[in-house]
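Structure record follows, encoded as C-alpha cells.
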Amino acid sequence: MSLLHVSHLTKSFGGLMAVNDVSFDLEANTVMGLIGPNGAGKTTVFNLITGNYPSDAGEVVFNGESLIRQSPHAIVSRGIARTFQTIRLFPNMKVIENVLAGCHCRMQSGIFSSMFRLPGQRREEKKALEQAFKELEFVKLAHQANNKAKNLSYGNQRLLEIARALASQPKLIILDEPAGGMNAQETAELVELIKDIKQRGITVLLIEHDMSLVMRICEQIIVLEHGALIAQGSPEDVQNNPRVIEAYLGTDEE
Ligand SMILES: Nc1ncnc2c1ncn2[C@@H]1O[C@H](COP(=O)(O)OP(=O)(O)OP(=O)(O)O)[C@@H](O)[C@H]1O
C-alpha cells in the first residue's frame, strides 16, 4: 500500500480547472518531485492534500485513511507537514519559538494544565523545547536559536520553515519550492538536507523549479500541465518524454 494515494483529484476556481482529475501514488520513503510550468496547478495539489482547500472531487488517502474534508490541523496530526512557496514564519518571534510552534500538534496538555502549569505540562514543554533544538541542529541553525526569524537570510528562513515542519514529526513532508531564492551553495546544502530527511524515514514530496535539484534528488517525478497530469516516472523517463519537453522543458524555465 502506498503512503499517499491521490485519485481523480479535481479543483476549479470559477471557470478555471486548476487541478483536473489528477491521480498518483507516493510510496513510503521516496523523494517525489511535482513539476510543471507556472500556473500548472502544483501548489493547488499541495493545498488539496494538506486540507488548505477543499477539493471538488477525488480522494486523498494517507496511510490508509481518507483526508477528504479533514482540517489542515487534523492532517498535520496525521503526519503530513508542509512548507510554503511564500515563507510563512512569525518574523518577530525567535527562531526557536517558530520551531516550537511546529511541536504544538504533538502536545497533549489541555487548557487546565496549561493555566496552572502543572508538572505534566512543564515536562511536555521541556520535551518540546528539546525536540525544537534537535530540529534546529538538524537544519544547522541551532546557533541562531535566539535570533528573530526576520533577521535570518532568505535561505535560512527556508531552512527554519523545514525545521518547523519537521518538529511536527511528520511521516510525509511537502516542500513548496524549497530552493526558491537560495544561492548555489545553499541549494547544494539543501540537497544534502533532503537526503538526510529521507534517511530519517520521512517521505518527501516537493515542487521545485530548479531542474538540476529535481533531477539530482527525486526518485519519482510527476508532471502537471494545465491542471492535468501528463507524465510520471524516473527523472530519466521524464526528461526524455516528448510531451514533457514540449510542455515544460522547452520553455524558458529550464
Ligand atoms: N485561490 C485561488 N483562487 C483563484 N485562482 C487560483 C487560486 N489558487 C490558484 N489559482 C489559479 O489556479 C491555477 C493553478 O495555480 P497554482 O498556484 O496551483 O499553480 P502552480 O503550478 O503552483 O504555479 P507556480 O509554479 O507559478 O507556483 C493558476 O491559474 C492560478 O491563478
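Both counts, for ligands and for their atoms, begin at 1 and track the order of listing.
Under the side-chain hydrogen bond (donor to acceptor under 3.5 Å, both in side chains) rule, Asn47 has a single partner from Lys11, Arg82, Lys42, which is Arg82. For the side-chain contact (heavy atoms from CB on, under 4.5 Å) criterion with Leu3, the lone passing option out of Leu172, Leu205, Asp25, Val61 is Leu172. Considering Ile35, Leu34, Asn241, Asp237 in turn, Ile35 is the only one that fulfils the side-chain contact (heavy atoms from CB on, under 4.5 Å) rule with Ile221.
Each of the atoms 25 (O) of ligand 1 lies under 4.0 Å from some heavy atom of His209. Proximity to Gln85 (heavy-atom distance under 4.0 Å) selects the following atoms of ligand 1: 27 (O).
Both the sub-6.0 Å distance and the 45° axial angle are not jointly satisfied by Arg158 relative to the ring of Phe84.
An N or O contact shorter than 3.5 Å links Gly41 to ligand 1 by distance. Below 3.5 Å of separation, one finds no N or O of Phe13 facing any N or O of ligand 1. Considering backbone and side-chain N/O of Ala40, one or more are found under 3.5 Å from N/O of ligand 1.
Ligand 1 lies within reach of Tyr53, whose nearest heavy atom is under 4.0 Å from it.
Of the heavy atoms in Leu16, only side-chain atoms (C-beta onward) come closer than 4.0 Å to ligand 1.
Between atom CD of residue Gln70 and atom CZ of residue Arg78 there is a gap of 4.0 Å, rounded to the nearest 0.5 Å. Once rounded to the nearest 0.5 Å, the distance linking CG of Asn98 with CD of Gln157 reads 9.0 Å.
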